[in-house]
Amino acid sequence: MIRIETPMPQEYRDASPEDLDRRIGAAKAELGDRLLILGHHYQMDEVMKWADARGDSFGLSRIAADRSDASLIVFCGVHFMAESADILTGNHQQVVLPDLSAGCSMADMADIDQVEAAWEQLARVTDVDRILPITYMNSTAAIKAFVGRHGGAVCTSSNAKAVLRWALDPDQDGRSRADKILFFPDQHLGRNTAVELGYALDEMSLWDPAVTQGGLSDAQIKDSTFLLWKGHCSVHQRFTTSQIDDFRSSNPEGVVIVHPECSHEVVLAADASGSTDAIIKFVQATPPGTAIGIGTEVHLVKRLADEYPDRSIVSLDSEVCPCITMSRIDAPHLAWVLEQAVEGRVRNQISVDDETARWARIALERMLQIT
Ligand code: 13P
Ligand code: SF4
């Protein structure tokens, strides 16, 4: 991955919201159909209102893969999403992340050297040909490439069940692709999905990359169907079952939905769990008057509260929990990259090297085929 960063001039930070809106609108009109702005559901309204398409990480990757007509894709989301878009698009397309510091702390919890080391340690204990690595979309291109090289697939929170079934379910001859899954970086999505598929908690072990052999004995490795990487989302890990209890005591008829990056106890205590897109659909399906407690990033919760004023929509966390890195994409950065593009300069391009992209694409395309 190559990062070329030019600092954004101060004048964009100093510009008024009205001026930024006018400049973004003018640059967008000038770039016309060659431009596609993608907005993840956690983006702030000042950015989201300019998105040509909104979505969860799966939906946006599909749109990026399908829109070969757009030569410039401005990805308003975080780094791993823009990387995936670059991998899935053609050489004639350029993907821009308006602020290169918009990363994902969870994606950074699985480092490729740690993953390679884990694989070697596993090979000393068990037959790695019977392990499939599955990575959550929230991971670096290097991790996706590792997964592609070892026969595995990417998954997102909207298709993790289908991907794990693809990996573990026996075919008509009774043979499955794997006996074991190494799932990274989010232990919670791995655990929640495995439980949904009917696996017991004692069929899963936590692999701690900071400790030799993940902190597991040979027997634990051999006996586990799921080795769950010890990673988490700092935003979703804040949600607790007592917040759900508090919401229910003030809203006895209310309903609760959380993102599957929340802990297993929280997902169990909620009425439903799902990706950002699934959360939106859940809210749409409730009748007016419903009280809904949501466990996910606050910009999405606030947008839903604004769009559905006839429901009572609140975040389960009264202390409010934004994803700081998502919020780095703001109107000044969007205005800057668009005005630069009008002048023929592509700033903050995300470009994955060919070899990494080749294998990461295999892992991403497996996911797109499965779902
Ligand atoms: P979705 O795939 O549900 O959009 O989630 C992405 C994410 O980063 C959630 O924290
Ligand atoms: Fe990453 Fe969590 Fe932010 Fe999602 S909410 S982008 S998992 S840090």
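Whatever order the structure lists them in is the order used to number ligands and atoms, beginning at 1. Remember, it's a predicted structure, so these values are computed and weren't measured experimentally.
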ask   = Under 3.5 Å, is there a donor-acceptor pair between the Q237 and H188 side chains?
value = yes
inquiry  = With a 4.0 Å cut-off on N to O distance, would you call E83 and R361 a salt bridge?
reply    = no
remark   = Note: ligand 1 atoms sitting under 4.0 Å from heavy atoms of S275 are 3 (O)
task = Take every heavy atom of C233, measure it against each atom of ligand 1, and state whether any distance is under 4.0 Å.
result = no
task = State whether the shortest distance between N or O atoms of D277 and N or O atoms of ligand 1 falls below 3.5 angstrom.
result = no
remark   = Result for ring pair (Phe, Tyr, Trp, His ring centres under 6.0 Å) between F226 and one of W207, Y199, F183 points to Y199
query = Nearest to atom 8 (S) of ligand 2, what protein heavy atom do you find, and at what distance?
reply = S105 OG, 3.8 Å
ask   = Are any of the heavy atoms in M106 under 4.0 Å away from ligand 1?
value = no
query = With the threshold set at 4.0 Å, does a side-chain nitrogen-carboxylate oxygen contact exist between D179 and R130?
reply = yes
ask   = Going by distance only, is there an N or O of T156 that falls short of 3.5 Å from an N or O of ligand 1?
value = no
task = Would you tell me which option among C233, G77, G231 has the nearest heavy-atom contact to atom 5 (S) of ligand 2?
result = C233
query = Below 4.0 angstrom, N of the basic side chain to O of the carboxylate: do D19 and R23 qualify?
reply = yes
query = What is the closest protein heavy atom to atom 1 (Fe) of ligand 2, and at what distance does it sit?
reply = C104 SG, 2.4 Å
message = Against ligand 1, does M137 come closer than 4.0 Å with any heavy atom?
response = no
task = State whether the shortest distance between N or O atoms of D56 and N or O atoms of ligand 1 falls below 3.5 angstrom.
result = no
key: Top protein contact for atom 3 (Fe) of ligand 2, by heavy-atom distance   = C323 SG, 2.4 Å
remark   = ligand 1 atoms nearer than 4.0 angstrom to some heavy atom of S157 are 1 (P), 2 (O), 3 (O)
ask   = Around atom CD of E253, are there more than 12 heavy atoms of other residues, nucleotides or ligands at under 6.0 Å?
value = no
query = Are any of the side-chain nitrogens in K49 or D21 under 4.0 Å away from the carboxylate oxygens of its partner?
reply = yes
message = Does only the side chain of E261 get under 4.0 Å from ligand 2, or the backbone, or both, or neither? Count heavy atoms.
response = side chain
inquiry  = So for H41, does at least one of its heavy atoms come nearer than 4.0 angstrom to any atom of ligand 1?
reply    = no
